[in-house]
Protein chains: 2
Amino acid sequence: MRIVVADCSVDYAGRLSAHLPRAKRVLMLKNDGSILVHSDGGSYKPLNWMSPPCTLAPLEPDEDQLAAGIVEAWEVTHKKTADRLIVSIFEIIQDSSHDLGVDPGLIKDGVEAHLQELLAEQIDRVGEGHTLVRREYMTPIGPVDILARDATGASVAIEIKRRGEIDGVEQLTRYLELMNRDPVLAPVQGVFAAQEIKPQARTLAEDRGIRCLLLDYDEMRGMEDKNTLF
Amino acid sequence: MRIVVADCSVDYAGRLSAHLPRAKRVLMLKNDGSILVHSDGGSYKPLNWMSPPCTLAPLEPDEDQLAAGIVEAWEVTHKKTADRLIVSIFEIIQDSSHDLGVDPGLIKDGVEAHLQELLAEQIDRVGEGHTLVRREYMTPIGPVDILARDATGASVAIEIKRRGEIDGVEQLTRYLELMNRDPVLAPVQGVFAAQEIKPQARTLAEDRGIRCLLLDYDEMRGMEDKNTLF
DNA sequence: CCGTGTATCTCGGGC
DNA sequence: GCCCGAGGTACACGG
């Protein structure tokens, strides 16, 4: 990792063309050849960047550039696409390098995948006597989160969201339409399960005959603990 | 802007909980109080971060932490949500500050709007004998990108995307449903035009009788150049 | 202020 | 490898 603070301008050509006028910025050069150009504002997104895999090479400034005050220039090119980023440096204010080693990486906890896992284990939360057929049941337009059967053996397609909004109801509707054409599955009942269901989503779902199910994450996790600890 | 290279561990609690085990990393502290935690890999996204508006305050390490080798700790709290990020520092390897000033910002040359403009000019790409009615044809639920007529005079509604995905098909479907209720327009044929159409989107579109049209941006731009240069 | 649509999205998982 | 869904999405633009 090399960190350079410099007065510079930047030009990018790839999916779009973009230009950064001359200003003081922080350039972060990672070991994989990638580069981030950060200013003192914005959020975590750099003003401009090049994602790996890419290579950084020095460019020889021509006479015009030297006359304009450019003391150094870098060309960062992507290895697979034609993306190109050029940093023109007017002054280097700080330049330091550090060996950071390989990062152990982020450990995350508590997302949608976990909800799906829990509901698959506790499928009777969908209704008494329900049984799991499989998670991520594939259809030509994407995977249904959970396919189950109710006590009578009828198919139940379950879409799980952390926050249930209209998009999720649309998604489930598409699956249901397709699955109901399959004589082996039809008729398929839809269940929209989420930790929180927006009123508009609930209205739309119920209007389409889709059942809504609120999930209590803490309670479900508690159940799991009970199952695993004893 | 303060840049700290340090041996540290990080804990985050907010929408999710996350933990970064002890390792050498780069900490970028922006003037608005926000912080980015970067490693030497990944892309422009930090391992962890806090977006503005937020405040950074030093935490006094307790005995256990001091015994564990923590020499300093920071608490970064979001001003509106309950998000909290804690950086525990075992060793500071480098610490520097710079006044970067306000950045003039990125100047983009877009592509998205240009596609619509080009297709309106080259409307026969939709089909022989097609004529443009108008761009951004307003409906009660939003503007259709292009309304045209085919060689027989029948209405054609065109939705344009750079990348055609399922959402775009849904959007066009809603427009078509509405427009087909208007006796002046009906029947309206749907055309889903994009530089790239995902298989699932194509499947859904064709299932709904919507025609898919691949757009070649370079070719279309080339046509335009020919028109404008000579 | 909030919703909507886009993104050089990034990131992870399945096939 | 591609394709797809999710995101602490971020971000601009419109109402």
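Owing to the predicted nature of the structure, the values given are computational and were not obtained by experimental measurement. Throughout, protein chains are lettered first and strands after them, A, B, ... in sequence-line order, and every chain is numbered starting at 1.
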Classify B:Glu165 by what it touches in the nucleic acid, base, sugar-phosphate, or nothing, heavy-atom distance under 4.0 Å. nothing
Of A:Tyr175 and B:Leu85, whose nearest nucleotide on DNA chain D comes first from the 5' end? A:Tyr175
Between C:dG5, D:dC3, D:dA6, which nucleotide has the shortest distance from any of its atoms to the side chain of A:Lys161? D:dA6
Has A:Arg22 got its NZ or CZ under 6.0 Å from the middle of the six-membered ring of A:Phe90, at an angle within 45 degrees of the ring axis? yes
Note: B:Glu170-A:Arg174 ion pair, threshold 4.0 Å (strictly below): yes
At a cut-off of 3.5 Å, list every protein nitrogen or oxygen paired with a nitrogen or oxygen from nucleotides 10-13 of chain C, distance to 0.1 Å.
| unit_1 | atom_1 | unit_2 | atom_2 | d |
| --- | --- | --- | --- | --- |
| C:dT10 | OP1 | A:Ser51 | OG | 3.4 |

Rounding to an integer number of Å, can you tell me how far A:Glu136 CD sits from C:dG14 P? 7 Å
Check whether any side-chain N or O of B:Gln171 sits under 4.0 Å from OP1 or OP2 of C:dT4, and answer yes or no. no
Do A:Ile3 and A:Val26 have side-chain heavy atoms sitting under 4.5 Å apart? yes
Check this one for me: any side-chain N or O of B:Lys198 less than 4.0 Å away from OP1 or OP2 of D:dC2? no
By the 4.0 Å heavy-atom rule, please label A:Met50 as base, sugar-phosphate, or nothing. nothing
What's the CD1-P distance between A:Ile160 and D:dG7, to the nearest Å? 12 Å
Residue whose nearest DNA chain D nucleotide is more 5′ - B:Tyr12 or A:Arg174: A:Arg174
Salt bridge present between A:Glu206 and A:Arg202 (N-O < 4.0 angstrom): yes
Taken to the nearest whole Å, CZ/A:Arg134 to C1'/C:dC15 is 11 Å
